Amino acid sequence: MAPMLRLYNTLTREKAPFAPIDPTNVRVYACGPTVYDAAHIGNARPIIVFDLLFRLLRHLYGPAHVTYARNVTDVDDKINARAALRGITIRELTDETLKAFHADVRDLGVLMPDDVNVPGARARFIEPRATDHIVEMVTLIEGLVAAGHAYVAQDHVLFDVPSMPDYGGLSRRPLDEMEAGARVEVAPYKRSPLDFVLWKPSKPGEPSWPSPADIAAPGRPGWHIECSAMSWKHLGQTFDIHAGGIDLIFPHHENEVAQSRCCFGTAVMANVWLHNGFLQVEGEKMSKSLGNFITIREVLADWPGEVVRLAMLKTHYRQPIDWTLRGLEEASRTLDRWYGAVGDASPAQHMPPAVLEPLLDDLNTAAALAELHRLDDPATLKAGASLLGLLGQTQSGRAQASVQAAGIDVGKVEALIEERRAARAAKDWAASDRVRDALLAMGVAVKDNKDGTTTWSVVT
Ligand code: AMP
Ligand code: ZN
């Protein structure tokens, strides 16, 4: 029997014990990136938080008993526009962006499918791409039309919101508020302003696929139907946990629920809905549209991924985080101290209960990290930290990573140090100082040791 995990469920607005439908295959879906541009550090938050959830579930139910699907949205208006702007094909753009996303999140210590998947195992980490699931989307859409929950109009298929009496149960927005929001762009083919697009015609040059029945022209899917199709294909009609950022509750998740439940006639799509809070800059959500963003790659040029991960996990996932330099500096100092304390110890066999228990309370990472600070046995500290995806590096791996992260050319540093040694030998102190300053400008500090050697380190 796994220890009891409690999760705050957006659907019920309550924290409750988590009981999987099938403990031998716990099924989780998280909405992943739309791959048109480099991900920003706000986008990294759900990836890190739900990676932690995945690690915790694997610990509780066994690694062979958790299926995690984190999708990739590779069909979208923003993708079409960006590919046209850059003069490359859509597939070139989405492949390139996905590759960069993988490199970004791997550096943040996020588990990847290759790290966890075992050939032939039922439970897996899957990264489904929307364009590989068009047939499933068309099947769902045709099912919704047949069941009287969707209609065809001007080569579009629309979800008929008034046909679902309990539409809105996840976001709990008043109907008039939703209608007012939807009126901003009322299309003539909509019967009700709340109706949303399941399928639309493709303009010339846009990607297109054979449309659902009764539409001759080829077309493309709406955004919400993608996640209903991919979660159904990989996790089934009803599954355990659906996760994403808080901005996705309405309309995205509300509409996913409407599609899946009305197509399958089920009472719920997922039993538990988890939503992470925003990463903010000076009190405002970090976003592409506000222009107040910094990409994951830019942050990783200055900070090791593990520092970023720790800075992120210090705040409970449902709270907003203000992204500050001070937070990163603090996380960096904490990691230095912990790495010093664990040395090359192997992790203890048993997970320290003091670290596990707060995580079982709706992923209370802030409290779990406070407990890590209290541990003094290196093996226990290492075991506890591993559950949070921290302290996984060796000493030399860490040193190398900091050099790489800072983009420092090691050959050039060594050459300058040799130049400085020669200047000092010739007692040319001015030249020696100039070289030291040049190194500092590259982010490298030199230290002359008592034994006559000179060592260097990356300035943090
Ligand atoms: P997008 O690419 O905007 O669709 O976002 C991808 C994921 O990142 C979604 O789960 C969003 O909810 C999440 N997200 C976007 N911006 C932020 C932010 N500033 N803080 C936390 N999560 C975010
Ligand atoms: Zn989604």
Side-chain angles (χ1 to χ4, degrees), residues 10 28-53 68-79 82 94 97-98 100-101 104-105 108 110 126-130 133 136-137 140 170-171 196 198 221-235 239 241-260 269-270 273-296 299 308 311-313 315-324 327:
T10 307
V28 182
Y29 187 90
C31 293
T34 302
V35 284
Y36 71 102
D37 201 355
H40 63 65
I41 196 74
N43 301 136
R45 190 170 191 197
I47 302 290
I48 291 175
V49 164
F50 302 126
D51 171 69
L52 175 76
L53 173 72
Y68 179 30
R70 187 185 67 207
N71 79 284
V72 174
T73 296
D74 62 351
V75 44
D76 181 86
D77 286 342
K78 289 192 281 266
I79 295 176
R82 184 60 61 93
T94 57
T97 313
L98 183 58
F101 171 77
D104 288 350
V105 300
L108 295 172
V110 170
I126 313 141
E127 232 187 347
R129 285 177 78 129
H133 297 77
E136 287 81 1
M137 295 180 211
L140 287 184
L170 179 67
S171 58
F196 57 90
L198 301 171
W223 173 31
H224 316 305
I225 197 71
E226 295 177 11
C227 289
S228 285
M230 288 185 270
S231 60
W232 168 47
K233 165 93 182 274
H234 298 284
L235 306 179
F239 51 95
I241 301 176
H242 194 314
I246 195 168
D247 52 336
L248 299 185
I249 297 177
F250 186 85
H252 184 53
H253 288 167
E254 195 71 83
N255 291 349
E256 281 188 40
V257 169
Q259 295 162 162
S260 296
M269 178 186 188
W273 289 77
L274 299 189
H275 292 101
N276 65 271
F278 287 139
L279 182 140
Q280 308 185 145
V281 187
E282 289 166 359
E284 259 192 313
K285 177 196 177 191
M286 179 178 284
S287 74
K288 288 264 161 75
S289 53
L290 288 174
N292 61 349
F293 68 95
I294 169 162
T295 64
I296 301 176
V299 174
V308 178
M312 199 79 86
L313 291 178
T315 305
H316 185 264
Y317 76 94
R318 286 193 284 117
Q319 300 298 321
I321 303 186
D322 249 315
W323 195 244
T324 62

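These figures come from a predicted structure and were not determined experimentally. Order of listing sets the numbers, starting from 1, for every ligand and every atom in it.
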- Check each atom of ligand 1 against the heavy atoms of L248 and keep those under 4.0 Å away; list them by number with element. 9 (C), 10 (O), 12 (O)
- Query: What do we get for N276 next to ligand 1 when only non-hydrogen atoms under 4.0 Å count, side chain, backbone, both or neither?
  - Reply: side chain
- Message: When you compare the side chains of T10 and H275, does any donor N or O come within less than 3.5 Å of an acceptor on the partner?
- Response: yes
- Message: Quick check: N43 and ligand 1, any N/O pair under 3.5 Å apart?
- Response: yes
- Query: Using 4.0 Å as the upper bound for N to carboxylate O, is an ion pair formed by K285 and D247?
  - Reply: yes
- Is it true that a side-chain atom of N43 and a backbone atom of H40 form a donor plus acceptor pair closer than 3.5 Å? yes
- Message: Give the atom numbers and elements of ligand 1 that come within less than 4.0 Å of a heavy atom of G277.
- Response: 21 (C)
- Query: Protein N, O or S atoms less than 2.8 Å from the Zn ion (ligand 2), ignoring waters?
  - Reply: C31 SG, C227 SG, H252 NE2, E256 OE2
- Answer yes or no: does an N/O atom from G42 fall short of 3.5 Å to an N/O atom of ligand 1? yes
- Item | Non-hydrogen side-chain atoms of R45 and M312 separated by less than 4.5 Å | yes
- Non-hydrogen side-chain atoms of R129 and T94 separated by less than 4.5 Å: yes
- Query: Judged by atom type as modelled, is there a donor-acceptor pair below 3.5 Å linking the side chain of E254 to the main-chain atoms of S171?
  - Reply: yes
- Message: Distance under 4.0 Å to a non-hydrogen atom of D247: what atoms of ligand 1 satisfy this?
- Response: 11 (C), 12 (O)
- Any side-chain heavy-atom pair of Y68 and F50 under 4.5 Å: yes
- Query: Is the side chain of N292 donor-acceptor paired with the backbone N or O of S287 at a distance under 3.5 Å, no angle test?
  - Reply: yes
- So which protein heavy atom does atom 13 (C) of ligand 1 come closest to, and at what separation? P46 CG, 3.7 Å
- Expected output: side-chain H133 to main-chain E136 donor-acceptor under 3.5 Å: no
- May I ask you to list the atoms of ligand 1 that are less than 4.0 angstrom from any heavy atom of F278? 18 (C), 20 (N), 21 (C)
- Is there a heavy atom of A39 sitting under 4.0 angstrom from any atom of ligand 1? no
- Query: Where is the nearest protein heavy atom to atom 4 (O) of ligand 1: which residue, which atom, and how far?
  - Reply: T34 OG1, 4.2 Å
- Return a yes/no value for K285: is any of its N or O atoms, backbone included, closer than 3.5 angstrom to an N or O of ligand 1? no
- How far is atom 20 (N) of ligand 1 from its nearest protein heavy atom, and which residue and atom is that? L279 N, 2.7 Å
- At a 4.0 Å threshold, what atoms of ligand 1 neighbour a non-hydrogen atom of M286? 16 (N), 18 (C), 19 (N)
- Item | Q280 touching ligand 1 at heavy-atom level, < 4.0 angstrom | no
- Has ligand 1 got any nitrogen or oxygen that is less than 3.5 angstrom from a nitrogen or oxygen of G245? yes
- Interatomic distance, SG@C227 vs CG@L248, rounded to 0.5 Å, equals 8.5 Å
- Message: Taking the side chain as everything from C-beta on, heavy atoms only, tell me whether W232 gets closer than 4.5 Å to M230.
- Response: no
- Any donor-acceptor N/O pair, Q259 side chain to H224 backbone, under 3.5 Å: yes
- Query: Sequence neighbours excluded, which residues qualify as ring-ring contact (aromatic ring centres under 6.0 Å, His included) partners of W273?
  - Reply: H242, H253
